[in-house]
Amino acid sequence: MRYADDCNVYVRSQRAGERVLQALRGCYAKLALKVNESKTAVASVWGRKFLGYCFWAYKGEAKRVVAKPVQDKLRERLRQLTSRTRGRSLEQIAADLRGYVPGWKSYFRLAQTPETMRELDQWLRHRLRAVQLKQWRSGPAIFRELRRLGASTDDAASIASNARRWWHNE
């Protein structure tokens with residue numbers, strides 16, 4: 001027996017949702033399909049994930065936002081791609097990211113929360129800076145490379161002083 005994948009029903013009341021879900025189960029049974037109960041629920045639209053999005057109310061208006069589990073999955077994937085112990089150059093890491101991030105971004109372009117995208121971008125850039133600092137390895141090398149790239153002496157010294165604590169550099 002095959003499964004009907006997701007079954008989301010949006011109606012005004014809980015009672016109406018239960019009635020519609022029972023009717024759908026009957027229709028699916030006639031088609032020799034089984035409702036996947038783990039993905040099926042009669043619940044409020046607020047906070048319910050659908051195709052990676054969920055809805056939230058803002059000033060009396062419904063807004064689309066990337067669902068929290070989807071953001072967590074993205075962060076986990078980016079952690080794998082930007083691991084500081086994989087022995088890969090920054091160019092190779094960037095190439096891997098180019099194969100993943102643009103597709104994710106274009107799929108979720110309809111989200112109405114630019115702050116979420118901005119936070120993810122800041123977090124990813126922070127991880128890439130940590131990768132670069134680890135590759136430079138020692139404080140003197142970090143200082144030398146940052147000065148070569150045009151950083152001020154104070155900034156380069158501040159960052160180089162955290163040579164073994166990459167994540168503490170802003």
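Numbering starts at 1 and runs along the sequence shown. Every heavy atom of this structure was used, including side-chain atoms; hydrogens, water molecules and symmetry mates were not.
Residues V66 and Y58 do not share a hydrophobic cluster, defined by chaining ILVMFWY side chains whose heavy atoms lie under 4.5 Å apart. Criterion: ILVMFWY side-chain heavy atoms under 4.5 Å apart, direct or through other members. Under it, L110 and V65 are not part of a common hydrophobic cluster. The same ILVMFWY cluster, assembled from side-chain heavy atoms under 4.5 Å apart, contains both L51 and M117.
What you find for V70 and W104 is that their closest heavy atoms are CG1-NE1, 4.0 Å. Y53 and Y107 make their closest contact through OH-O, 2.8 Å (heavy atoms, listed as atom of the first residue, atom of the second, distance). Taking every heavy atom of both residues into account, T116 and Q71 meet most closely at CG2-NE2, 3.3 Å. The two residues W136 and L146 come nearest to each other via the heavy atoms CZ3-CD2, 3.8 Å. When all heavy atoms of G139 and A160 are compared, the pair lying nearest together is O-CB, 3.4 Å. Smallest separation of non-hydrogen atoms from Q112 and K63: OE1-CA, 3.0 Å.
Applying the ring-ring contact (aromatic ring centres under 6.0 Å, His included) rule to Y100 yields no partners; only residues at least two apart in sequence or on another chain are considered.
Side-chain N or O atoms of S106 include one that pairs as donor or acceptor with a backbone N or O of P102 at under 3.5 Å. Not a single donor-acceptor pair under 3.5 Å links the side chain of R79 to the backbone N or O of S83.
Partner of V131 under the side-chain contact (heavy atoms from CB on, under 4.5 Å) criterion, out of R84, H126, R86: R84 alone.
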Set out, in order, the CA-CA distance, both residues' side-chain angles and the distance that settles side-chain contact (heavy atoms from CB on, under 4.5 Å) for R144 and R148, then state yes or no. CA-CA 6 Å; R144 181 182 60 246; R148 187 179 60 80; 5.7 Å; no
Let me see the working for F108 and L74 under side-chain contact (heavy atoms from CB on, under 4.5 Å), right down to the final yes or no. CA-CA 12 Å; F108 289 105; L74 169 71; over 6 Å; no
For R15 and E18, run salt bridge (charged side-chain N to carboxylate O under 4.0 Å, His left out): C-alpha distance rounded to whole Å, both residues' side-chain angles, the deciding distance at 0.1 Å, then the answer. CA-CA 5 Å; R15 191 169 152 215; E18 296 289 345; over 6 Å; no
side-chain contact (heavy atoms from CB on, under 4.5 Å) evaluation trace for R77 with Q80: CA-CA 5 Å; R77 179 74 172 127; Q80 291 171 357; 3.5 Å; yes
D72 and K68: side-chain contact (heavy atoms from CB on, under 4.5 Å), yes or no, with the steps? CA-CA 6 Å; D72 295 341; K68 188 69 175 157; 3.9 Å; yes
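Atom CZ of F143 sits about 5.0 Å away from atom OG1 of T153, to the nearest 0.5 Å. Atom CG of L128 is separated from atom OG1 of T82 by 6.5 Å, given to the nearest 0.5 angstrom. Remark: L78 CG to L97 CG distance equals 6.5 Å, nearest 0.5 Å. Put simply, CG on L120 and NZ on K105 are 11.5 Å apart, with the number rounded to the nearest 0.5 Å. The line from CD1 of I93 to CD of Q135 is 6.0 Å long, rounded to the nearest 0.5 Å. Rounding to the nearest 0.5 Å places CZ of R127 at 10.0 Å from CZ of R75.
A donor-acceptor contact closer than 3.5 angstrom links the side chains of R25 and Q22.
Looking at R118 and E115, a side-chain N of the basic residue comes within less than 4.0 Å of a carboxylate O on the acidic one, giving a salt bridge.
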